[in-house]
Student: 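Right, I'll just put the structure down here and ask away after.
Worth knowing before you read on, the calculation uses all heavy atoms, side chains too, and leaves out hydrogens, waters and symmetry mates. Counting begins at 1 with the first residue of the sequence.
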Amino acid sequence: KDGQDGKYTATQFTWKEKLIFDSQMTVTPLSEIESNAYLGDLLLHTGGYADAETHLNKALAADPNSNAARISLGLVKMRQRQFAEAKKHLEAALIGNQKNHFAHYSYAFILSRESVDEFGMVRDYPAESLRKMKSSLVKAIELNPHFGESYRLLGFVSLVSGEDLDEALKIVNKGLAIQPGNPDYLLLTAKILLRQEKLAEAKLVAEKVARATDKKEVRAEADGLIKSIQQFEQTKSAYEKQMKDAIAEIESKGGK
């Protein structure tokens, strides 16, 4: 099978006609500022945060108005859990360009990560952070309605806050329309439904993800969510039975 033991089948093609390239094509070399900004962003996404910071600082030293470098450096600082510095860079990027949807999204993303604990969990958001996140994400969607992550983050923020959950479902569905079948969006939908205590619907979505995915970590998350829903069902059923028994006991005593 192709790919086993690092070996792949080679295929040779013979073209009927000679390939002709546009003789007017030109190559424009990147400036040192652009090179440092691009390299810094690449290192950010590969986990080389210290080296990324070095290159991004060089880009900003040469051009303090480089919004691309400013955004990437803010995300580096977030990964290093230096949130005050991270917010400072994104706020500067937004001052420099209010029309950059990714700057608005990244600012909200940094604010959302600020409240994550050492176990990767978030229980709530400060009211001011919540207001800023929602404002930035609404703006990001307005500027680029085709960037699905803005919808997902806005849905997640609503899930944590417990506010506007019906609207949150609509928002996540808009993201799903951009990335159909994305398990992250589907699991977020199931979590919102669970918070609304729509247990049957939540379980149906989670089970759909568990059946469809071939990724172990996604299946594990879906299975964990299904167990949470089942536990919630059991707890709710036991509570309702306890209340029913208590009412019946009160009524029986009242009848004596």
Side-chain angles (χ1 to χ4, degrees), residues 37 40-41 43-45 47 49-50 52-53 56-57 59-60 64-176 178-179 182 184-185 187-189 191-192 195 221:
D41 186 67
L43 290 165
L44 158 66
H45 289 94
Y49 303 134
E53 185 175 359
L56 292 167
N57 276 325
L60 285 171
N65 296 318
S66 173
N67 267 20
R70 185 75 65 187
I71 294 169
S72 294
L73 186 55
L75 292 172
V76 168
K77 290 298 183 181
M78 180 201 71
R79 298 295 183 189
Q80 296 171 334
R81 299 195 65 80
Q82 297 178 28
F83 290 104
E85 285 291 304
K87 288 186 289 187
K88 182 184 75 175
H89 286 296
L90 264 296
E91 285 164 359
L94 287 171
I95 290 171
N97 183 2
Q98 280 286 324
K99 299 295 184 182
N100 186 329
H101 81 277
F102 192 67
H104 284 284
Y105 166 79
S106 298
Y107 183 53
F109 183 64
I110 285 171
L111 290 172
S112 75
R113 299 299 297 175
E114 191 175 20
S115 296
V116 173
D117 64 22
E118 65 272 25
F119 303 107
M121 305 294 290
V122 56
R123 297 188 180 277
D124 56 29
Y125 291 119
E128 183 62 12
S129 292
L130 186 62
R131 183 190 67 78
K132 289 179 178 179
M133 282 187 287
K134 287 189 172 183
S135 176
S136 282
L137 289 167
V138 168
K139 188 64 176 178
I141 290 169
E142 177 187 320
L143 291 168
N144 185 355
H146 305 294
F147 183 64
E149 288 303 301
S150 295
Y151 297 99
R152 181 159 73 110
L153 183 54
L154 185 52
F156 179 77
V157 167
S158 296
L159 168 66
V160 173
S161 69
E163 298 177 358
D164 305 319
L165 294 179
D166 284 334
E167 184 62 26
L169 283 174
K170 294 177 184 177
I171 288 167
V172 177
N173 280 332
K174 289 180 180 178
L176 267 170
I178 297 168
Q179 298 187 39
N182 186 310
D184 294 329
Y185 292 69
L187 288 174
L188 177 55
T189 296
K191 290 172 185 177
I192 295 171
R195 179 138 195 186
E221 185 177 357

Student: Locate the shortest heavy-atom distance separating D184 from R152; write the atom from each residue and the value.
Tutor: CB-NH1, 3.5 Å
Student: Rounded to the nearest 0.5 Å, what separates atom CG in N173 from atom CD1 in I178?
Tutor: 11.5 Å
Student: How close do H104 and A140 get, counting heavy atoms only, and between which atoms?
Tutor: CB-CB, 3.9 Å
Student: Are there over 12 heavy-atom neighbours, none belonging to R113, within less than 6.0 Å of that residue's CZ?
Tutor: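 No.
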Student: Minimum heavy-atom separation for L153 to S112, with atom names?
Tutor: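 Looks like CD1-OG, 3.9 Å.
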Student: Taking atom CG of L187 and atom CD of E221, what is their separation to the nearest 0.5 Å?
Tutor: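 One gets 5.0 Å once the value is rounded to the nearest 0.5 Å.
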Student: If you compare all heavy atoms of G74 against all heavy atoms of I110, which two are closest, and at what distance to 0.1 Å?
Tutor: O-CD1, 3.7 Å
Student: Might you confirm whether atom NZ of K174 has over 12 heavy atoms from other residues, nucleotides or ligands at distances under 6.0 Å?
Tutor: no
Student: Are any non-hydrogen side-chain atoms of F109 and M78 less than 4.5 angstrom apart?
Tutor: yes
Student: Would you compute the distance between atom CD of E91 and atom CZ of R70 and round it to the nearest 0.5 angstrom?
Tutor: 11.5 Å
Student: Holding to side chain to side chain donor-acceptor pair (under 3.5 Å), I want the full list of residues that pass it with E53, two or more places apart in sequence or in another chain.
Tutor: K77, Q80
Student: Taking side chain to side chain contact (heavy atoms under 4.5 Å, CB included) as the definition, give me every residue that meets it alongside R81, ordered by chain and number, with sequence neighbours left out.
Tutor: F83
Student: Measure the CG-CD1 distance between L176 and I171 for me, rounded to the nearest 0.5 Å.
Tutor: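 Taking CG in L176 and CD1 in I171, the distance rounds to 13.0 Å.
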Student: Could you pull out all residues at least two apart from N65 that satisfy side chain to side chain contact (heavy atoms under 4.5 Å, CB included)?
Tutor: D63
Student: Set out, in order, the CA-CA distance, both residues' side-chain angles and the distance that settles side-chain contact (heavy atoms from CB on, under 4.5 Å) for D164 and K134, then state yes or no.
Tutor: CA-CA 12 Å; D164 305 319; K134 287 189 172 183; 3.7 Å; yes
Student: Between G155 and L188, which heavy-atom pair has the shortest distance, and what is it?
Tutor: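 In terms of heavy atoms, the two residues are closest at C-CD2, 4.1 Å.
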Student: When rounded to the nearest 0.5 angstrom, what is the spacing between NZ in K191 and CG in L165?
Tutor: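 So the NZ of K191 and the CG of L165 are separated by 14.0 Å.
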Student: Any salt bridge between E85 and K88, counting N to O under 4.0 Å?
Tutor: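 Salt bridge present between E85 and K88.
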Student: CZ of R195 to OG of S158: how many Å apart, nearest 0.5 Å?
Tutor: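 That separation rounds to 10.0 Å.
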Student: Go through the steps to decide whether V122 and F156 satisfy the test side-chain contact (heavy atoms from CB on, under 4.5 Å), and finish with yes or no.
Tutor: CA-CA 11 Å; V122 56; F156 179 77; 3.6 Å; yes
Student: Taking side chain to side chain donor-acceptor pair (under 3.5 Å) as the test, write out the residues that go with N182, two or more places apart.
Tutor: Q179
Student: Quick one, H89 with S72, criterion side-chain contact (heavy atoms from CB on, under 4.5 Å). Give me CA distance, side-chain angles, the key distance, then yes/no.
Tutor: CA-CA 9 Å; H89 286 296; S72 294; over 6 Å; no
Student: Between E114 and M133, is any pair of side-chain heavy atoms under 4.5 Å apart?
Tutor: no
Student: What are the two closest heavy atoms between A168 and I192, and how far apart are they?
Tutor: CB-CD1, 3.9 Å
Student: So do V172 and Y151 actually touch side chain to side chain, heavy atoms under 4.5 Å?
Tutor: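 A side-chain contact under 4.5 Å is absent here.
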Student: Under the rule for side chain to side chain contact (heavy atoms under 4.5 Å, CB included), what residues qualify as partners of K132, not counting sequence neighbours?
Tutor: Y107, L111, E128
Student: Would you please name every residue forming a side chain to side chain contact (heavy atoms under 4.5 Å, CB included) with I71, sequence neighbours left out?
Tutor: L75, L90, A93, N100, F102, A103, S106
